[in-house]
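Below, read A as the first sequence line, B as the second, and so on, with proteins coming before strands; counting in each chain starts at 1.
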Number of protein chains: 2
Amino acid sequence: MSDGQAYRGENLLFLTDEQLRQGIEAMFFAYRGFTADPDRILSDMAYGRAHHRAIHFINRAPGTTVNNLLHILGVTKQSLNRVLRTLIADGLVQSTVGKSDKRERHLHLTEEGKELEQTLSDAQRARMRSAFRDAGPEAVAGFRTVLEAMMDTEMQRAYTRLKESST
Amino acid sequence: MSDGQAYRGENLLFLTDEQLRQGIEAMFFAYRGFTADPDRILSDMAYGRAHHRAIHFINRAPGTTVNNLLHILGVTKQSLNRVLRTLIADGLVQSTVGKSDKRERHLHLTEEGKELEQTLSDAQRARMRSAFRDAGPEAVAGFRTVLEAMMDTEMQRAYTRLKESST
DNA sequence: AGCATACGTCAGTGTTGTTGACATTCCAAC
DNA sequence: GTTGGAATGTCAACAACACTGACGTATGCT
């Protein structure tokens with residue numbers, strides 16, 4: 001339909017509209033699988049996907065501030081606050097006043113919070129591990145490359161920062 | 001933490017927990033980018049992501065039944081019905097009673113519906129095309145391989161059926 | 001002192017998922 | 001041929017989670 005089907009010195013058949021549509025649909029179906037296992041676990045509790053995301057990134061970046069977290073999650077503070085309130089009330093997350101800047105709140109998982117995080121990420125990692133193993137290392141490298149290229153630039157930065165923080 | 005870090009005849013370093021976590025986070029950030037452009041377009045109308053999905057798959061499989069569509073989308077018939085009702089009322093989707101089985105409704109996009117579908121998928125394809133081009137054909141192949149391995153088996157079947165229906 | 005920043009909260013709204021109840025239609029057993 | 005159950009689709013009410021807007025408090029900075 002557009003310029004995708006042409007040859008330009010190299011084979012660009014992987015950029016046809018049909019290929020792109022298959023990529024779009026693969027992304028849709030795969031994301032459902034990606035969230036299915038944690039969703040199942042959480043539906044038994046009073047929590048949802050939003051709680052999972054908050055717990056994941058608090059675990060990933062302990063001591064992060066509310067402001068930082070809501071930028072990573074890409075939601076409003078009101079939306080995040082609703083989730084955090086329940087997590088703090090239930091004793092899964094601890095909020096401490098900032099040392100140098102007392103306006104800030106630093107977030108940590110409690111032991112109970114870490115347990116739930118482990119349960120959720122075990123389930124999600126199991127599926128990811130199975131997919132990675134089936135696909136092989138080259139496919140995994142390609143998977144990561146395409147996903148990074150698909151992010152918004154701000155999110156690329158956030159993602160890279162998180163990657164590097166764990167070395 | 002688990003068996004991922006071991007060597008077993010081949011290098012399995014791509015299966016470490018840290019690699020899996022990066023894959024999980026890449027999936028999270030990339031999916032946000034994936035939906036960002038259509039979401040922006042739809043927010044100006046009274047529609048959301050659910051309408052986009054319905055329009056996409058009705059366009060993909062014209063004449064599909066409500067039942068078939070809700071299996072593909074993975075939602076309840078009640079949830080899909082609310083979306084379809086507005087799309088039909090707004091003249092984007094046409095619902096016709098089944099010929100052989102009058103319980104069924106066959107769904108088609110109207111001209112107006114096709115226009116919106118085109119607008120939305122143009123935006124989404126543009127991002128996918130850019131990501132694919134940046135990543136290159138080998139990465140794209142890997143991307144697709146991993147995503148397929150991440151789907152639930154039912155969804156793999158639905159995905160394969162859709163892929164093959166367009167040849 | 002004055003203004004900006006970080007956080008929390010209340011109120012209201014919209015999208016999208018859920019369950020429950022119900023009408024219509026088909027089909028197969030009787 | 002009637003009847004009972006399964007399948008298909010619709011309407012209504014509710015829950016989760018996002019949004020905007022407005023406001024209050026504490027703190028930091030100039």
(request) Measure from the ring center of A:Phe28 to the ring center of B:Phe57 and say whether it is less than 6.0 Å. (result)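 When the ring centroids of A:Phe28 and B:Phe57 are compared, they turn out to be within the sub-6.0 Å range.
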Dump every N/O contact between nucleotides 26-30 of chain D and the protein below 3.5 Å, one line per pair.
from, atom 1, to, atom 2, distance (Å)
D:dG28, OP1, A:Ser100, O, 3.1
D:dG28, OP1, A:Lys102, N, 3.1

Kindly write out the residues that satisfy side-chain hydrogen bond (donor to acceptor under 3.5 Å, both in side chains) with [X], not counting sequence neighbours, or none if the list is empty.
{"X": "A:Asn81", "value": "none"}
{"X": "B:Ser43", "value": "none"}
{"X": "B:Arg127", "value": "A:Asp152, B:Asp37"}
{"X": "B:Gln19", "value": "A:Arg144"}

(message) Contact list please: residues 68-86 of chain A against DNA chain C, heavy atoms, distance less than 4.0 Å, in numerical order.
(response)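 Heavy-atom cutoff 4.0 Å gives A:Lys77, A:Gln78, A:Asn81, A:Arg85.
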List the atom pairs, with distances to 0.1 Å, where a side-chain N or O of residues 67-80 of chain B and a protein N or O form a donor-acceptor pair under 3.5 Å, not counting sequence neighbours.
from, atom 1, to, atom 2, distance (Å)
B:Asn68, ND2, B:Thr64, OG1, 2.7
B:His71, ND1, B:Asn67, O, 3.0
B:Thr76, OG1, B:Ser79, N, 3.3

(message) Per the salt bridge (Lys or Arg N to Asp or Glu O under 4.0 Å) rule, what does the pair list look like for residues 50-62 of chain A, sequence neighbours excluded?
(response)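 Residue pairs with at least one partner in residues 50-62 of chain A: A:Arg60-B:Glu18, A:Arg60-B:Glu25.
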(request) For residues 153-163 of chain A, pull every pair meeting salt bridge (Lys or Arg N to Asp or Glu O under 4.0 Å), keeping only residues two or more places apart or in separate chains. (result)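 Found A:Glu148-A:Lys163.
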In whole angstrom, give the distance that lies between atom [atom1] of [X] and atom [atom2] of [N].
{"X": "B:Glu104", "N": "D:dA6", "atom1": "CD", "atom2": "P", "value": "18 Å"}
{"X": "A:Asn67", "N": "C:dA4", "atom1": "CG", "atom2": "P", "value": "17 Å"}
{"X": "A:Asp39", "N": "C:dT16", "atom1": "CG", "atom2": "P", "value": "17 Å"}

(request) Output the residues of residues 42-62 of chain A in contact with DNA chain D, where contact means a heavy atom of the residue under 4.0 Å from an atom of the strand; sort by number or write none. (result)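 A:Gly48, A:Arg49, A:Ala50, A:His51, A:Arg53 - these, ordered by number, are the residues of the stretch whose heavy atoms sit under 4.0 Å from the strand.
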(request) Can you run down the ring pair (Phe, Tyr, Trp, His ring centres under 6.0 Å) pairs that involve residues 134-167 of chain B, sequence neighbours left out, and say none if there aren't any? (result)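 Qualifying pairs, neighbours excluded: B:Phe132-B:Phe143.
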(request) Not counting sequence neighbours, list each pair that qualifies as a side-chain hydrogen bond (donor to acceptor under 3.5 Å, both in side chains) and has a residue in residues 108-117 of chain A. (result)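 side-chain hydrogen bond (donor to acceptor under 3.5 Å, both in side chains) check on residues 108-117 of chain A returns no pairs.
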